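Computed from a predicted structure; not experimentally measured.
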Amino acid sequence: RVYTPAVVAIALLTAIIPSLVTGEWHKWVYTAMTFLVISCPCALVISVPLSFFGGIGCASKQGVLVKGSNYLEALSHAEIVVMDKTGTLTEGKFHVTQQNAVGISEAEQLELAALAESASNHPIGQSLREAYGKELDTSRVQDIQESAGHGVSALVDGKKVLAGNAAYLQEAGLEPLVPRQTGTAVHVAVDGVYAGYLLIADVVKPHSAAAIKGLKQAGVRKTVMLTGDAEPVAKAVSAELGLDEYHAGLLPGDKVDQIETLLAAKQPKENLAFVGDGINDAPVLSRADVGIAMGALGSDAAIEAADVVLMDDDPAKIALAMRIARRTLRIVYQNIVFALAIKFACLVLGALGLASMWTAIFADVGVMVLAVLNATRALYTKDLAKKNVQ
């Protein structure tokens, strides 16, 4: 919109004005044509997209799917990384580590909780069914109602069973016990009578600590964890991984509010990246500057809403993706500066009639070839992969 009209106007002036003064039309028309050839922006038009394509290809080789060059550029400016806990920093595979049954046997408590959670896709529900270890007779279960972030209620053998967090049972007018050990407590009530709790623990992924360290080395200013788990669980995981900040006991809507707060507090040129895996994370992934989803464990909704997908659910790949993005941007800037510097120098010589057509061809095709060769470096991953392993 600006460049093309400007160089065409300069070429016309170069052809007409000196020719009217000197009468040497052939010389100055040739000079104007040389000027136009020099001004062709092939190096920029071809090498810049190729650099981004190279960066996207480099990331793909490492198991990181970037959905567009604009997301790669946004990722390069990410200074704040916010992560969900379950399935992102932890395995997302819960195990029942302790039972405290009140008024019923532990076997009956586990059976009722597993039946109530029989239709739930949440990892906690899956862990209860796995702990039960038997085939569930779903015909015994009716009227299942799930409250996102709280728990479920169902009629099991005609009895109303509640299974959820402490707040869920408090809403029903019950006073659940406080577990002494760290973990996620699933409290159970039968026909309005408190029946104890099952303590469920998640396992931190082997590479999560290295991932947080890698983010710091990559220049991330703040790492934040958002979770719906209780305060003791979130505090323990945050301390183990060395996170800068955490927020516990959050519902899906609360996570969006936390993202809004962090977005309002960030600096103008900073971007915020959110990493999640669940269907409840889709609104947060959409709201963040860069949404990153876990591709293997993550839900279809999270993958659809995300800008970047980690195909093997390894959180250490976040830092690797950021290094690839920043390296790609450096190559893009190198090509822009190199192409414009050569173009400007040759344009000045061309306007003065000091550049031949061979100079023009070099300024157009030669600079383009050199810029394209430089762009291919974005595909090179050896050094980046070594840093990621370290």
Side-chain angles (χ1 to χ4, degrees), residues 1-61 65-77 269 271 290 307 321 323-381 383-384:
R1 189 171 58 184
V2 176
Y3 179 79
T4 301
V7 295
V8 171
I10 294 172
L12 288 173
L13 294 174
T14 302
I16 296 172
I17 295 176
S19 298
L20 291 174
V21 175
T22 63
E24 298 178 347
W25 286 90
H26 180 274
K27 174 184 176 181
W28 290 107
V29 169
Y30 181 87
T31 300
M33 294 173 63
T34 303
F35 181 86
L36 279 177
V37 172
I38 295 171
S39 67
C40 290
C42 297
L44 291 176
V45 172
I46 294 177
S47 68
V48 172
L50 278 180
S51 300
F52 280 112
F53 296 158
I56 292 172
C58 174
S60 298
K61 290 180 181 179
L65 174 62
V66 183
K67 295 184 179 180
S69 56
N70 53 331
Y71 303 125
L72 194 70
E73 184 174 4
L75 185 61
S76 69
H77 299 298
K269 294 185 179 181
N271 281 341
V290 185
D307 308 315
R323 284 197 291 271
I324 291 173
R326 290 174 181 176
R327 183 169 181 265
T328 301
L329 261 292
R330 286 198 299 270
I331 292 173
V332 169
Y333 293 147
Q334 288 170 6
N335 282 338
I336 291 173
V337 172
F338 172 70
L340 290 181
I342 299 297
K343 289 282 185 183
F344 180 76
C346 292
L347 283 173
V348 172
L349 294 175
L352 297 175
L354 301 177
S356 65
M357 188 59 74
W358 289 109
T359 304
I361 292 172
F362 169 75
D364 181 26
V365 181
V367 172
M368 179 193 69
V369 171
L370 293 175
V372 168
L373 290 175
N374 188 47
T376 59
R377 294 195 303 114
L379 286 167
Y380 185 67
T381 63
D383 293 340
L384 295 172

To the nearest 0.5 Å, how far apart are [atom1] in [X] and [atom2] in [Y]?
| X | Y | atom1 | atom2 | answer |
| --- | --- | --- | --- | --- |
| Thr31 | His26 | OG1 | NE2 | 9.5 Å |
| Thr328 | Leu379 | OG1 | CG | 9.0 Å |
| His77 | Leu72 | NE2 | CG | 10.0 Å |
| Thr22 | Lys27 | OG1 | NZ | 7.0 Å |
| Ile331 | Ser51 | CD1 | OG | 6.0 Å |

*asked:* The test is side chain to side chain contact (heavy atoms under 4.5 Å, CB included); show your working for Ile17 and Trp28 and say whether it passes.
replied: CA-CA 9 Å; Ile17 295 176; Trp28 290 107; over 6 Å; no
*Verify, without hydrogens or angle tests, whether Asp307 (side chain) and Tyr71 (backbone) share a donor-acceptor contact under 3.5 angstrom.*
no
_Any residue meeting side chain to side chain contact (heavy atoms under 4.5 Å, CB included) with Phe344, in chain and number order, not counting sequence neighbours_ = Val348
*asked:* Checking Leu329 now: which residues fulfil side chain to side chain contact (heavy atoms under 4.5 Å, CB included) with it, not counting sequence neighbours?
replied: Phe52, Glu73, Ser76, Tyr333
*Please name the pair of heavy atoms, one in Glu24 and one in Ser19, separated by the smallest distance, quoted to 0.1 Å.*
O-OG, 3.7 Å
*What closest approach, in Å, do Gly55 and Ile324 show between heavy atoms, and which atom pair accounts for it?*
O-CG2, 3.5 Å
Cut-off 3.5 Å, no hydrogens considered: what does the side-chain donor-acceptor table look like for residues 367-374, sequence neighbours left out?
residue, atom, partner, partner atom, Å
Asn374, OD1, Arg377, NE, 2.8
Asn374, OD1, Arg377, NH2, 3.2
Asn374, ND2, Gln334, OE1, 3.3
Asn374, ND2, Asn335, OD1, 3.0

Below 3.5 Å, can you tabulate the donor-acceptor pairs from side chains in residues 40-48 to any protein atom, sequence neighbours excluded?
residue, atom, partner, partner atom, Å
Ser47, OG, Ala43, O, 2.3

*Counting heavy atoms not belonging to Phe53, are there more than 12 under 6.0 Å from its CZ?*
no
*Can you check side chain to side chain contact (heavy atoms under 4.5 Å, CB included) on Trp358 and Ile361, steps first, answer last?*
CA-CA 5 Å; Trp358 289 109; Ile361 292 172; 4.2 Å; yes
